[in-house]
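Accompanying notes for the structure given below.
What's counted below: heavy atoms across the whole structure, side chains too, no hydrogens, waters or symmetry copies.
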Amino acid sequence: MITALRHFLVDSWLGRVIAFVVFLSFVVLGGTFFGMGGGMSGLGGDTVVQIGSRKITPLEFQKAIQRQVAYAIQQNGGAAEFLKTPEGRQEIGHAALRNLILVHEGELAGKRNGLNPGDETIRKIVFAMPDFQDPSGRFDPKKMEEVLKSNNLSHQTLTEETRRMLYGSATMFAFGKSVQPPVQELDWLANYVGHGQVVDMVRLPFSLGEVSSQPTDEQLKRYYQNHLWQFRQPEYRHARIVVMTAGSVAKTLQISDEDLQASYKMKMQDPTEATRYNSPELRSVEVLAVTDEATAGRIATAWQKGQSWAELQKQYPKAIPATLSDARMTDLPDPALGKAAFDTQEGHVSAPVRTAAGWSVVHVLSVKPAKHASFESLKDSIREDLTNERATALLKDRQRAFEEAVAGSVTLDKIPADIGAVPLEGSLDAHGNLPGGEPAPLPGDGTLRQALIGQVFSQKKDEPPHVVTEPDGSAFAVLVDDITPGKQEAYETVQQAVKDAWLADARKHVTEQRATALYQQAKKGGLRQALAGQKEEAMLQKDEHFSRLQLRNDVPALILRAALEQKQGQTAMLQEGDGYWLVNVTGNYEESPTLIQAIRQQQAARMAGAYRNDLQETLGMSYTRVAPPRHFNATLFNDVNERVLSMISGRLGQQ
């Protein structure tokens, strides 16, 4: 999909140009994105792939990956789980490269079809760029020079990339703009998400079960013999470990104030980065739209006098209601409506405003002032970003020093701290737990943790340590200096533990029998009737609402699925965690018409965009048959992709 690319390109003409030159001097201290002494200088080759005579460079690919990650995080509600799997990281790289290829293919297609934007056309577009205009809206050559200089863009580069954008617009990005999703599909979606379930449910913890008698010694011994694995001491290994990760290397770096200021300036000049930290004024509004001014006037008067939005909808059923939460001025569908919404004070109602579709009245519910992140507020996060970026590049460079230090220290006690290596020592079992049962404080993410545990339990006692390197560049060495074999605990030693386990199982069994009996009754007359007059009645949760629009996180996923997917009148018995659940669907409900209408509009826009993107991508891929990409450097692709994503993972705290 080229969705990420399209969203990035259509924001503004200057945004399109800057996106494609990718801030050609994205510098921190005279170096590349990765900082002094790092970056792409050590990579083999200077071309990731070639389309015609156009070469996609590592730096261009690097910025495309960053844009792709930013878009993916936005689409996932701020989550970056996809960075944790090799498959997800590969998909990000492939999508970013595909977007670049399609853009260049569009340019070649334009040239093949005789498109040749003239200098006068480009001049008009450049002069119309808002970034180059003064407050009165006129082109300001001094402002243009300042913007170009701050982004290390030359006039020639600006002209070339503007021409490329024109090619892309003519051959690809304007294609499919009139496409609309099928009404039947929107109806199905609105019906699917617009209906919720009303549920009665009860949770019966295992501990509720009452055991009438205590176990005999014979029963306990039999239970012990049948569950020997529960009463066995695990093998413990005492190990010395030295680990070097991007995070540990970052702690050895110092960032100057000049570097911090330069990075802050770059963030504020990069449209994508600036959007993360700055936001315009946002307003939440209610709108009623009608066809004539007289009706709009009556609505405005009644609204201003305190009549509610819901009451006005009943009084004027032909009025079209709409709500927007935390909306920018550009989010409103009509410029006049946007101006009215942002000229009206918080808590007030506007006068009737003429729009392209008729007349509207706006009630401003809340106002969130514009935000601009100061240098001081971002200073610490910028320092963390820069140290992580540079540490990711330095990690590979410091591996040689780490290997030499490990080779010269048989006991791992002479590893210099200034290279970013962290020493650890202690005993743990094969699950990574300390003798007390708590998890061992191993560094890194889950993958590195498992690699460390695996090495400790595969390496022989007193075997000389050697460096193990992980795919993300992290490295470690292990010395196992003591092994305490696992052993079976004698029954006499763990008799109380055996009794506790026997009683817990017995309580669970009693609770299961009780839950089953209630379940059989609930299938006949519903859960309320089954629990009426019973001791569990006080635990019943009645008329709980479950909706696909607002998924609840106060119940386990298994219970949520049962509440949403069962038919009315059905009851389910489920085991989840340390208890049994009975879930009975008693009815359903519909969301408000206003909310459903808003959902339809939102989904219509998304689906139309998805269809349009598919059409554009299909068109773009057809261009590759004429000018197929060639000279793909898989090694360079993987190296750039892994370096950039490792840096981003470190910045997000995933390393």
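Arg237 places no side-chain N or O within 3.5 Å of a backbone atom of Ala430 that could act as its donor or acceptor partner. Under a 3.5 Å cut-off, the side chain of Glu403 and the backbone N or O of Ala405 do not form any donor-acceptor pair. Distance alone, capped at 3.5 Å, is enough to place a donor-acceptor pair between the Arg398 side chain and the Ile419 backbone. Counting only distance, with no hydrogens or angles, the side chain of Ser284 and the backbone of Asp326 share a donor-acceptor pair below 3.5 Å.
No more than 12 heavy atoms of other residues, nucleotides or ligands sit less than 6.0 Å from atom CG of Asn553. Counting heavy-atom neighbours within 6.0 Å of Arg625 CZ, excluding the residue itself, gives a total of 12 or less. Within a 6.0 Å radius of CD in Gln254, no more than 12 heavy atoms belonging to other residues, nucleotides or ligands are found. Under a cut-off of 6.0 angstrom, the local environment of CZ in Arg400 is sparse, with at most 12 non-hydrogen atoms contributed by other residues, nucleotides or ligands.
For the ring-ring contact (aromatic ring centres under 6.0 Å, His included) test, residues two or more places apart in sequence or in another chain that qualify with Phe61 are Phe637. Take Ser409 and apply the side-chain contact (heavy atoms from CB on, under 4.5 Å) test, not counting sequence neighbours, and it matches Thr411, Asp413, Lys414, Ile415.
Here salt bridge (Lys or Arg N to Asp or Glu O under 4.0 Å) pairs that include residues 416-429, with residues two or more places apart or in two chains, are Arg240-Glu425.
Taking 4.5 Å as the limit, some side-chain heavy atom of Phe375 sits within range of a side-chain heavy atom of Gln261. In this structure, the side chains of Asn278 and Met268 come closer than 4.5 Å at one or more pairs of heavy atoms. Side-chain contact between Val49 and Asn633: absent, with no pair of heavy atoms (C-beta onward) separated by less than 4.5 Å.
Atom NZ of Lys265 and atom CD1 of Ile382 lie 13.5 Å apart (nearest 0.5 Å). Distance check, rounded to the nearest 0.5 Å: CG of Leu636 to CD1 of Ile56 gives 11.5 Å. In this structure, OG on Ser263 lies 13.0 Å from CD on Glu258, to the nearest 0.5 angstrom. Atom CG of residue Leu564 and atom OG of residue Ser547 lie 7.5 Å apart, to the nearest 0.5 angstrom. To the nearest 0.5 Å, atoms OG (Ser381) and CG (Asn388) are separated by 11.0 Å. Within the model, atoms OG of Ser474 and CG of Asp445 stand 7.0 Å from one another, a figure rounded to the nearest 0.5 Å.
When all heavy atoms of Ala477 and Leu412 are compared, the pair lying nearest together is O-CD1, 3.7 Å. Nearest heavy atoms, Arg552 versus Leu560: O-CD2, 3.9 Å.
When Ile65, Leu97, Thr635 are each tested for a side-chain contact (heavy atoms from CB on, under 4.5 Å) with Val640, only one passes: Ile65.
Of the charged side-chain nitrogens involved, none lies within less than 4.0 Å of a carboxylate oxygen, so that Arg89 and Glu87 do not count as a salt-bridged pair.
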